Engineer: 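Below is a structure I'd like to ask you about.
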There are 2 protein chains.
Amino acid sequence: MMKKYTIKNIAELAGVSKGTVDRVIHKRGKVSALALEKVTAVLNEIDYKPNLLARSLKNTKDYHICVVLPDYTKDAFWLPCYEGIVAAVNEFASFGVFIEPFFFHPNDVHSFVEVNKKVLELAPDAVLLAPLFYKETVGIINKYALKNIIVSKFNNQLEIENTKNFVGQDLFKSGRIAAGLLQMIIKKNATIDIIHVDEDFNNSIHMQEKEKGFRDYFDEIENSDYKIVTHNSKQSDLANNLDSIFSDSFTSDAIFVTTSKVYEVAEFIKSKNLNNVKLIGYDLLEENIQYLKENVIDFLIHQNPKKQVYLGLNYLVDFFLFNKEIPSKSLLPIDIITSENIDTYLEN
Amino acid sequence: MMKKYTIKNIAELAGVSKGTVDRVIHKRGKVSALALEKVTAVLNEIDYKPNLLARSLKNTKDYHICVVLPDYTKDAFWLPCYEGIVAAVNEFASFGVFIEPFFFHPNDVHSFVEVNKKVLELAPDAVLLAPLFYKETVGIINKYALKNIIVSKFNNQLEIENTKNFVGQDLFKSGRIAAGLLQMIIKKNATIDIIHVDEDFNNSIHMQEKEKGFRDYFDEIENSDYKIVTHNSKQSDLANNLDSIFSDSFTSDAIFVTTSKVYEVAEFIKSKNLNNVKLIGYDLLEENIQYLKENVIDFLIHQNPKKQVYLGLNYLVDFFLFNKEIPSKSLLPIDIITSENIDTYLEN
DNA sequence: GTGAAAGCGCTAACAG
DNA sequence: CTGTTAGCGCTTTCAC
């Protein structure tokens, strides 16, 4: 067990003052060659770890972080993100960090732009945002950059300059995972339908990436002939589309829904008693959990939105308070959820 | 956005001194009714959050935590635990917390006792331990308690008095999860073998709990007749036992291995070309990962030992530094791992 | 180029 | 019972 050193100790050992030690440690210059040498000699001898609490205390500055995300009353997918924010607000308030959520309408570019304008005027220290709309995000991010506001993204991995980091999942892989799971529980060369359910198509890059991964998996299987058909459907047209998927001339063995709207498909399957149709989709919405427990949905893939937001905020806080580096990208594990392990995730 | 208040602010608002405010906040008494009233009035008005950095800085005490766990060179299961320790050591050293690992031999009660004796003499502030041996653990924990050393447990949930908390998983549930996964990929009323592979039987409560959950799941399925046979096998006898499981007169459709030694079974299955036998087991050991990727193992259940240790340590640190409460029990999510999502867990 | 000193917010010791 | 004061470790300002 080694002794703990403070700046004062080092100053004494090197025969200089605390101020000089500090200048050396932070490379602030204005140090004579001799002093520099004496201090570095000591530093090399011992294992000095600055006391991060003290360092941060000195900096009595308050930090302000805004989170820009879709309104969870419009799309329940975003509810856990809000919970992540609430958790972070409580956790970090005691350290002088204020976190504030700002909501936009998930299908309305205009509200996205407006809300970002508002945030821009507030000039917080950092913004964590769900960049649903590519073009508009590019514009707004540049404005943030001009004001030296740090921007982090979560959930949607748009390749954009000037952002500090991204927290989310690898969507291609998540598509492959869905495919791997389905393959295990369906017969060889089955007929599979991919359904992209979304009100608008702002989510389309997301969904396409998942589809690519899904198809990639089945393409790799040798001597096989799975029939995979893709459908784009607005939520409102879904019933019609499903009717035709299960019409006399067609039928489906399994369905992969690329969004959290899988409960809509589950409802249809349950009502039509299509008990043999395998179903896989995304996210732990109330309705999805219900259908999972009833085994209408076989698997859910957990995108962990709460953790995404919390982690994104945590990175920023550690950066501000303790100068910790932020990784440019953190891809979270992709959790497979069944009716059996769901509870262990909900307890959290 | 609300203003941030300090003790000084409150003192001014209440017309008393900082000392008095501190006494009120910490209920240290020795405060006149009038002063008490004035201060509480102010506290009710505003939302005061003490600056935890400052509070902790004042307390210049160093904390010492010992982790007692099996030697990972004897059983690779414990390697990630060690990694969790290393991560925590680096993370928390800057806050004046020293964390030190102590290893015992996983099959040797004696070494467990000896190592705990050594730790006891060091008299750290807290001990995080993997309580492999029930009886001996009870004895040692009482000795820790006498010295006011906080004890936390991880991995093995022995019901023991005088411990601060437990981090681990619900083993019964993990057995059910294994069952649910197998059921999806085997034919109805298949023959299933449960194999408890372990050198000694110190792990037996662990394994039995998993078996209970596993059987519970199949018992619940109506109108079914799955044939489930349990085998206890030392690692050294495993080949013989497997030979008899797959002898002419018997055969198995699926195997559930209740420990991380599933790779031993995988090796057998691969060498005998038993391609149709489904296999599920525990933990992300190198060998297990290899067989998972080759699809010899169908599923692994991830017990997240690294996270268990890190979280256990994190609780202790937050308790020491910031007085955060420690939950008496935290059950981690039970992750389902396939050849497709394994990489997303390894990147971490 | 360097040291001395002040102060971040909180706690604890001490004098009154 | 209460106010003042010193000091945790670090940073920053200000004389010299």
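What you are looking at is a predicted structure, and each value in this text was computed from that prediction instead of being measured. Residue numbers begin at 1 in each chain, while the letters A, B, ... track the order of the sequences.
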Engineer: So does Arg23(A) get a side-chain nitrogen or oxygen closer than 4.0 Å to the phosphate oxygens (OP1/OP2) of dT2(C)?
Structural biologist: no
Engineer: Roughly how many Å is it from CZ in Phe95(A) to P in dC10(C), rounded to a whole number?
Structural biologist: 13 Å
Engineer: What nucleic acid atoms does Tyr48(B) come within less than 4.0 Å of, heavy atoms only: base, sugar-phosphate, or nothing?
Structural biologist: sugar-phosphate
Engineer: At under 4.0 Å between heavy atoms, what does Leu57(B) touch on the DNA or RNA strands: base, sugar-phosphate, or nothing?
Structural biologist: base
Engineer: Looking at CD1 of Ile65(B) and CD1 of Ile149(B), how far apart are the two atoms once the value is rounded to the nearest 0.5 Å?
Structural biologist: 12.0 Å
Engineer: Which nucleotide, dG9(D), dT2(D), dC10(C), lies nearest any side-chain atom of Ala54(B)?
Structural biologist: dC10(C)
Engineer: Which class fits the ring pair Tyr63(A) and Phe320(A): parallel under 30°, tilted 30 to 60°, perpendicular over 60°?
Structural biologist: parallel
Engineer: Would you check if the side chain of Ser111(A) reaches a backbone N or O of His105(A) as a donor-acceptor pair within less than 3.5 Å?
Structural biologist: yes
Engineer: Is there a side-chain polar atom (N or O) of Tyr5(B) under 4.0 Å from OP1 or OP2 of dC10(C)?
Structural biologist: no
Engineer: Over all strands shown, is Lys8(A) touching base, sugar-phosphate only, or nothing at heavy-atom distances under 4.0 angstrom?
Structural biologist: nothing
Engineer: Can you check the Glu37(B) CD to dT2(D) C1' distance for me, whole Å?
Structural biologist: 17 Å
Engineer: Starting at the 5' end of DNA chain C and moving along, which residue's nearest nucleotide shows up first, Ile25(B) or Lys18(A)?
Structural biologist: Lys18(A)
Engineer: For dG3(C), take OP1 and OP2 only and decide whether either is under 4.0 Å from a side-chain N or O of Ser17(A).
Structural biologist: yes
Engineer: Let's see if you can work this out: which of dG3(C), dT2(D), dT11(D) has an atom nearest to the side-chain heavy atoms of Val16(A)?
Structural biologist: dG3(C)
Engineer: Is the shortest side-chain N/O distance from Arg28(A) to OP1 or OP2 of dT12(D) below 4.0 Å?
Structural biologist: yes
Engineer: Nearest whole Å is fine: how far is dA6(C) P from Asn59(A) CG?
Structural biologist: 21 Å
Engineer: Could you state the CZ-P distance from Phe322(B) to dG9(C), rounded to the nearest angstrom?
Structural biologist: 16 Å
Engineer: I want to check one thing: is the phosphate of dT2(C), taken as OP1 and OP2, less than 4.0 Å away from some side-chain N or O of Ser32(A)?
Structural biologist: yes
Engineer: Respond yes when some side-chain nitrogen or oxygen of Thr20(B) is under 4.0 Å from OP1 or OP2 of dC1(D), and no when none is.
Structural biologist: no
Engineer: Taking only the side-chain nitrogens and oxygens of Arg55(B), find out if one of them lies under 4.0 Å from OP1 or OP2 of dT11(C).
Structural biologist: yes
Engineer: For Lys30(A) and dT2(C), what is the distance between atoms NZ and C1' respectively, to the nearest whole Å?
Structural biologist: 11 Å
Engineer: For the residue pair Tyr72(B) and Phe103(B), categorise the inter-ring angle as parallel (less than 30°), tilted (30 to 60°) or perpendicular (more than 60°).
Structural biologist: perpendicular
Engineer: Indicate yes or no for a side-chain donor-acceptor contact from Lys30(A) to the backbone of Arg23(A) under 3.5 Å, with no hydrogens or angles considered.
Structural biologist: no
Engineer: Separation of Asn51(B) atom CG from dC8(C) atom P, in whole Å?
Structural biologist: 12 Å
Engineer: Nearest whole Å is fine: how far is dT11(C) P from Lys27(B) NZ?
Structural biologist: 13 Å
Engineer: Do Tyr345(B) and Asp335(A) have a side chain donor and acceptor closer than 3.5 Å?
Structural biologist: yes
Engineer: Give one of base, sugar-phosphate or nothing for Asp22(A), where a contact means two heavy atoms less than 4.0 Å apart.
Structural biologist: base
Engineer: Lys4(A) has an atom NZ; how far is it from atom P of dC8(D), in whole Å?
Structural biologist: 12 Å
